[in-house]
Amino acid sequence: MDLLQEIQRRRTFGIISHPDAGKTTLTEKLLLFGGAIQEAGAVKSNKIKKGATSDFMEIERQRGISVATSVLAFVYKDKKINILDTPGHKDFAEDTFRTLTAVDSVIVVIDVAKGVEEQTEKLVEVCRMRNIPMIVFINKLDREGKDAFDLLDEVEQKLGLKVIPLSFPIGMGYDFKGIYNIWDKKINLFSAGSKTVVSDGIEFDNVNDPELDEMIGSEAAEQLREELELVEEVYPGFDKDAYLKGDLQPVFFGSALNNFGVKELLDCFIDIAPAPLPKMSDTRLVDSKEKKFTGFVFKIHANMDPKHRDRLAFVKIVSGIFKRNTNYLHVKLGKKMKFSSPNAFFAEKKEIVDESFPGDIVGLHDTGNFKIGDTLTEGEILEFKGIPSFSPEHFRYVNNADPMKAKQLAKGLDQLMDEGVAQLFTLDLNGRKVIGTVGALQFEVIQYRLEHEYGAKCSYENVNVHKACWVDAEDENNEEYKEFKRVKQRYLAKDKKGQLVFLADSAFTVQMTQQKYPTVKLHFVSEFN
Ligand code: G4P
C-alpha cells in the first residue's frame with residue numbers, strides 16, 4: 001500500500017465538550033454517516049451518570065465501555081477517520097489531556113443554550129497551547145438558545161479563539177427553520193419530523209433570490225440576509241492555513257440529535273482537517289511521511305478481567321508503517337519487542353491487523369512494559385515530547401492497610417500510576433508516599449481496584465498540599481538552589497520519573513518561595529524545557 005496515499009486519507013481527531021453538550025450524540029451521528037453503525041443509540045455513553053448507585057461501580061462500568069469506545073474508526077468518502085474518545089467527567093481531565101496529544105485536530109461541541117462551560121474552557125486552553133486546529137460545533141439548535149452573534153462573541157472571549165462562521169442558523173428553537181451553509185452555499189431546511197433523514201441541501205448561492213422568501217417566509221429571509229451581511233462585515237474570509245496553524249476556528253451550527261448540520265460539518269471537516277502531522281521528539285521533528293515506523297503510547301487500559309493482568313497500550317503511529325511480528329525498539333527500556341496480535345479499532349470492534357499507518361492507533365497487549373509517553377521506533381533513539389503531567393488538585397498520604405500484602409500494594413500502585421490513574425510522589429525525607437489526583441473520585445477508584453485486582457488494601461491520611469511544583473534549577477551547584485533544598489527539605493519529593501517536586505501547602509507558599517529563590521523555577525507541569 002502506498003504510504004503517502006494512506007497518510008493523506010487519514011483524519012485523527014477528538015471531540016471535546018462540557019458533559020451533556022452532545023459529544024456522544026454527535027459521535028454517533030458521525031458513525032452513522034460512515035456506515036459504521038446502523039442505528040442511533042448504538043454508541044454507549046461512557047459518561048458517569050448522575051445519581052449512579054455508587055461512583056466507583058459506575059466507573060467500572062464505564063471502564064468496560066471505554067475500552068470499546070477508545071478509538072472509533074470509520075471510512076467516509078474514502079477518508080479513514082479515527083475518533084479518539086475523551087472522558088467528559090472532570091475528574092478524568094488528565095486522561096483527556098493525554099488523549100489530546102494523539103489527535104491531529106479537534107471538534108469542540110457547545111450547547112447553544114448554555115454557551116461556553118467550564119470543562120470546555122479548560123480543554124480548549126490545552127488545544128490552544130498546542131495550536132491544535134479546532135472546529136466549533138454549536139449544538140441543540142432545535143432548542144431556544146443564545147443569539148448566534150452573542151455566542152460567537154462568547155466563544156471568542158471566553159475561549160480566546162478567533163472564529164469564522166461557516167454556517168448560520170435560520171431562526172432558533174421553536175422558530176428554527178434551518179441552516180444556511182456559507183461553506184458550500186447551500187440551504188438545509190429543518191423539519192422536526194425528519195429526525196435522522198439526511199437531505200443534501202438545496203444549492204442557493206444567491207440569498208437575494210426571491211425563492212428564499214417563498215421557502216422560509218419573507219421575515220426570516222430578510223433577517224438571514226441581514227445577518228449574512230453582518231457575518232461578512234465582522235468576520236474575515238476563511239483561511240485554511242490560519243485554521244491549520246490554530247489561529248482561526250470555523251464554526252458550524254446544528255442539532256446532533258436531529259442529525260441536522262452534521263453532514264455539513266463532516267464534509268467540511270474531511271476537506272480541511274489535517275492529515276497526520278509531524279511530531280516533535282527530544283532530538284528532532286519526525287515527519288509522518290518518513291518510511292521508518294515511530295509511535296508513542298498515550299493511553300494504557302488495564303484488562304477488565306482481574307485474573308489476567310495484561311493491559312492494552314494504545315500507540316499512536318507517527319511515521320512509517322507499523323507491522324505485525326516485527327521487531328521494534330522500546331526506547332526507554334532499550335529493549336526490542338514484537339507484537340503478534342496488535343489490535344486495530346473499527347467502530348466499536350477491535351481486530352488483529354497486519355499493518356497500520358500514521359494517524360492510526362494500535363492496541364498492543366502489554367504485561368507491564370509500557371508507561372504513558374513511551375516511544376517505539378525501528379531502532380532510532382528518540383522520545384516524543386508533549387505528554388506532561390499536570391499538578392494534581394487533591395493529595396493524600398497512602399498507607400498500607402494490610403502488612404501481609406506490602407508487595408501487592410507496591411505493584412498495584414506502580415501499575416495504576418503507569419496507567420495514569422493518579423500520580424505518586426515519594427517524600428525525600430522519610431520515603432512516605434503521597435497520591436495526587438485530579439478529582440476526589442480517583443481515591444475511591446484506586447482503593448477499589450487495589451483490592452479487586454491486586455488483593456491489596458490501602459488507607460488514606462490527610463496531607464496539607466496545595467500544588468505539586470516541578471523544580472527547575474538554573475544551576476544545581478548554585479548556593480540559592482542548595483539553600484532552597486535545605487530549607488524546604490520536608491516538602492521535597494520525587495515523582496515517578498525521579499523528577500524533583502516541591503509539594504507546596506498553599507498558593508502563598510508558592511509565591512513566597514518563588515520570590516525568595518528566584519533562580520529556582522517552580523512549574524505546575526512536569527515538562528518545561
Ligand atoms: P455528552 O456526550 O456531551 O455528555 O452529551 P450527550 O450526547 O450524551 O447528550 C446529552 C443530552 O443532550 C442527551 O439527552 C441528548 O439526547 C441531548 N442532545 C444531544 N444533541 C441534542 C440536540 O441537538 N438537541 C436536543 N434537543 N438535545 C440534544 P439526555 O436526555 O441527557 O440523554 P438521553 O436520555 O437522551 O440519552
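In each ligand, atom 1 is the first atom listed, and ligand 1 is the first ligand listed.
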Quiz prompt | Residue part near ligand 1, for Arg143, under 4.0 Å between non-hydrogen atoms | solution = side chain
Self-check item: Test of proximity, Ala256 against ligand 1: N or O pairs below 3.5 Å
Solution: yes
Self-check item: Basic-acidic side-chain contact under 4.0 Å: Asp20, Lys114
Solution: no
Quiz item: Can you list every pair that meets salt bridge (Lys or Arg N to Asp or Glu O under 4.0 Å) and has a residue in residues 233-257, with sequence neighbours left out?
Solution: none
Quiz item: To which of Gly145, Gly22, Gly254 does the heavy atom nearest atom 5 (O) of ligand 1 belong?
Solution: Gly22
Quiz prompt | Over 12 foreign heavy atoms within 6.0 Å of NZ, Lys79 | solution = yes
Quiz item: Atoms of ligand 1 less than 4.0 Å from Pro19 heavy atoms?
Solution: 4 (O)
Practice problem: Could you check whether the rings of Tyr76 and Phe33 sit parallel, tilted or perpendicular, using 30° and 60° as the cut-offs? | Solution: perpendicular
Exercise. Before signing off on this row, confirm whether Lys140 and ligand 1 have an N or O atom pair separated by under 3.5 Å.
Key: yes
Practice problem: Measure Asn139 to ligand 1 on non-hydrogen atoms and call it side chain, backbone, both or neither using the 4.0 Å cut-off. | Solution: side chain
Quiz item: Can we say Asp267 and Lys77 salt-bridge, meaning some charged N sits less than 4.0 Å from an Asp/Glu carboxylate O?
Solution: yes
Quiz item: Which is it for Ser255 and ligand 1 at heavy atoms under 4.0 Å: side chain, backbone, both or neither?
Solution: both
Practice problem: Start with the C-alpha distance between Glu227 and Gln223, add both sets of side-chain angles, then the distance that settles side chain to side chain donor-acceptor pair (under 3.5 Å), and finish with yes or no. | Solution: CA-CA 6 Å; Glu227 285 173 335; Gln223 192 183 344; 3.2 Å; yes
Practice problem: Report, in ascending order of atom number, the atoms of ligand 1 lying under 4.0 Å from any heavy atom of Asp20. | Solution: 1 (P), 3 (O), 4 (O), 5 (O), 10 (C), 12 (O)
Practice problem: Would you mind listing which atoms of ligand 1 come within a distance below 4.0 Å of any non-hydrogen atom of Ser17? | Solution: 3 (O)
Exercise. Compare Thr25, Leu257, Val262 and give the one whose heavy atom is closest to atom 27 (N) of ligand 1.
Key: Leu257
Exercise. Give the atoms of ligand 1, by number and element, whose distance to some non-hydrogen atom of Lys23 is under 4.0 Å.
Key: 1 (P), 2 (O), 3 (O), 5 (O), 7 (O)
Practice problem: Report yes or no: does Asn181 contribute a side-chain atom to a donor-acceptor pair with the main-chain N or O of Trp183 at less than 3.5 Å? | Solution: no
Practice problem: With Pro250 as reference, evaluate Phe269, Phe238, Phe137 under the side-chain contact (heavy atoms from CB on, under 4.5 Å) test and give the passing residue. | Solution: Phe238
Quiz item: Is it the side chain, the backbone, both or neither of Thr24 that has a heavy atom closer than 4.0 Å to ligand 1?
Solution: both
